[in-house]
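Residue numbering restarts at 1 for every chain, and letters A, B, ... go by the order of the sequence lines.
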Amino acid sequence: MRDGDETTAGAALLAWYDRSARVMPWRVGPEARATERPDPYHVWLSEVMLQQTTVAAVRDYFRRFTERWPTVTDLAAAEDADVMAEWAGLGYYARARNLLKCARVVAGARGGKFPEAAAELQKLPGIGPYTAAAVAAIAFDEPAVVVDGNVERVVARLWAVQTPMPIAKPELVEKAGRITPQARPGDHAQAMMDLGATICTPRNPVCALCPVNAFCAAKAQGIAAELPRKAPKAEKPTRFGLAYVAVNAAGGVLLERRPEKGLLGGMLGFPGTEWGADTPEPRPPLVADWVELPHEVRHTFTHFHLRLKVMLARAEGEGFTPREAFAPADLPTVMRKVWDAAQAGL
DNA sequence: AAGTCGTGGGA
DNA sequence: TTCCCAAGACT
């Protein structure tokens, strides 16, 4: 990309977007774009769900949330447990806790209306630099500089930035600002992200189909696939633990609500040991005839692998969740795997 | 300011 | 199987 090309490249990108924007439940279609503004609640909700999460994974969650809670005021009035259960399986559960906090601020102090400026949006729980800029641009037409992983990659390639991530971040933000137009900033941001998701992909970018390939320094140098550069990742350790599945005669299940902070914070789970470097000592939640299941559960989190031995027993006692109040879909995935494993032993 | 925090799909 | 990683935020 050369100085002066920004306007031309931006126009080519928008033209491509008008042709081939992907259809998503939270987007206003091209036919209505001239007359209809996106619902800020929908934009915010989708952007929070999309943090570090693929479009394919988000779609059904977005539909269920908006069907169940059509407005931010409805969401603000929801029970915590219902929101956490609806979020179960999507991951990064702090997002759900902050989502609810944010909804309650907006529905309360702000009378149900989101602030329109990126600087104000960023003060709300769960809204960082990216999400604030994205909501301001898409919902409120502010020419905010929207920088996510896609934009970083596209910009690094357009300017052939060799600086490794995350050191290159400020430089990439500055360059992203150069191609951000005053008009249609929301469509521009979504165009950059669509481009990164479908053409300017991490591996095997399809430069031949790229609407801005004529301006791309990395393509000219034949190094598009190598950018952005990044430091090698640390190896993931393996942790070990025990999980206890107790079922009573009525089909009730022994579950516990995990602490608000930390891994799987605020979610339901089976009682168990800590997860450490070695197989821990047994620590059953109640006295029963525990049987170890033949297959352990394996699950990988962001920064460690987990192997869980699953202990199963039929037992009676206090604190069981009644059969009709328990849905496996309300559990985070690792706990749903434990439940699935237990089914084989029942 | 590095570490923490999920998951499912693709290569 | 294993690795990579996706529309990041929080501490």
Side-chain angles (χ1 to χ4, degrees), chain A residues 21-22 24-27 38 42-62 84 87-99 101-102 121-139 144-154 165-167 169 173 176 186-198 200-205 225 228 230-239 258-267 269 275 298-306 329 331-337:
Chain A
R22 298 196 290 171
M24 300 179 192
W26 48 87
R27 279 186 177 171
H42 288 181
V43 175
W44 163 72
L45 178 61
S46 66
E47 291 300 343
V48 172
M49 287 182 165
L50 285 163
Q51 289 166 7
Q52 295 289 285
T53 309
T54 58
V55 169
V58 164
R59 272 207 169 87
D60 288 342
Y61 282 87
F62 178 84
M84 299 312 287
W87 196 277
L90 197 54
Y92 284 140
Y93 298 100
R95 292 185 295 172
R97 301 193 300 273
N98 286 328
L99 188 82
K101 284 183 194 167
C102 182
L121 285 161
Q122 200 175 329
K123 295 175 181 172
L124 296 168
I127 300 185
Y130 163 75
T131 305
V135 173
I138 297 169
V145 182
V146 179
V147 183
D148 74 328
N150 289 302
V151 176
E152 287 174 354
R153 186 170 59 256
V154 170
M165 292 296 292
I167 301 170
K169 179 94 180 175
V173 171
D187 288 340
H188 168 80
Q190 294 177 93
M192 291 285 282
M193 294 188 283
D194 274 19
L195 186 68
T198 61
C200 195
T201 49
R203 293 169 293 202
N204 308 315
K230 47 186 67 174
K233 314 207 157 180
E235 190 173 336
K236 290 180 182 181
T238 300
R239 296 184 189 170
R258 298 174 63 88
E260 283 293 308
K261 291 184 183 295
L263 191 69
L264 308 179
M267 298 300 290
W275 299 340
R298 292 189 177 206
H299 190 75
T300 298
F301 293 97
T302 307
H303 52 295
F304 66 93
H305 302 290
L306 177 65
L331 301 174
T333 297
V334 64
M335 295 297 170
R336 191 177 48 68
K337 286 184 182 178

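In this structure, NZ of A/K169 is placed 15 Å from P of B/dA2, rounded to the nearest angstrom. In this structure, OH of A/Y130 is placed 14 Å from P of C/dC10, rounded to the nearest angstrom. In this structure, the CD atom of A/Q122 is 15 Å from the P atom of C/dG8, given to the nearest Å. A/K101 places its NZ atom 9 Å from the P atom of C/dC10, with the value rounded to the nearest Å. Taking atom CH2 on A/W87 and atom P on B/dC5, their separation rounds to 18 Å, with Å as the unit. Protein atom CG of A/L306 is 15 Å distant from nucleotide atom P of B/dT4, rounded to whole Å. Across the protein-nucleic acid pair, A/R298 atom CZ and C/dT2 atom C1' stand 12 Å apart, rounded to whole Å. In this entry the distance linking CG of A/L195 with C1' of C/dA6 reads 16 Å, nearest Å.
Atom name P, nucleotides C/dT11 and B/dG6: the rounded distance is 14 Å, in whole Å.
Although no hydrogens or angles enter the test, the distance criterion places a donor-acceptor pair under 3.5 Å between the side chain of A/S46 and the main chain of A/V43. Judged by distance alone, with hydrogens and angles left aside, the side-chain atoms of A/R95 form a donor-acceptor pair with the main-chain N or O of A/L90 at under 3.5 Å. Looking only at distances, a side-chain donor or acceptor of A/Y61 sits under 3.5 Å from a matching main-chain atom of A/A88. For the pair A/R153 (side chain) and A/C200 (backbone), a donor-acceptor distance under 3.5 Å is present.
Judged as a salt bridge (Lys or Arg N to Asp or Glu O under 4.0 Å), and not counting sequence neighbours, the contacts of A/R298 are A/E296. For the side chain to side chain contact (heavy atoms under 4.5 Å, CB included) test, residues two or more places apart in sequence or in another chain that qualify with A/T302 are A/Y92.
Position along DNA chain C of the nearest nucleotide to A/L50 versus A/N98 favours A/L50 as the more 5'-ward residue. Take the nearest nucleotide of DNA chain C for A/P125 and for A/K230: the residue whose nucleotide is more 5' is A/K230.
Aromatic ring centres of A/F301 and A/H299: separated by under 6.0 Å.
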Legend entry - Protein proximity profile, nucleotides 6-11 of chain B - base contact B, sugar-phosphate-only contact S, no contact -, cut-off 4.0 Å on heavy atoms: BBS---

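With C/dC5, C/dA6, C/dG8 as the choices, the nucleotide that has an atom nearest any side-chain atom of A/K233 turns out to be C/dC5.
Among the protein residues, A/M335 comes within range of no part of the nucleic acid, since none of its heavy atoms lies under 4.0 Å from any strand.
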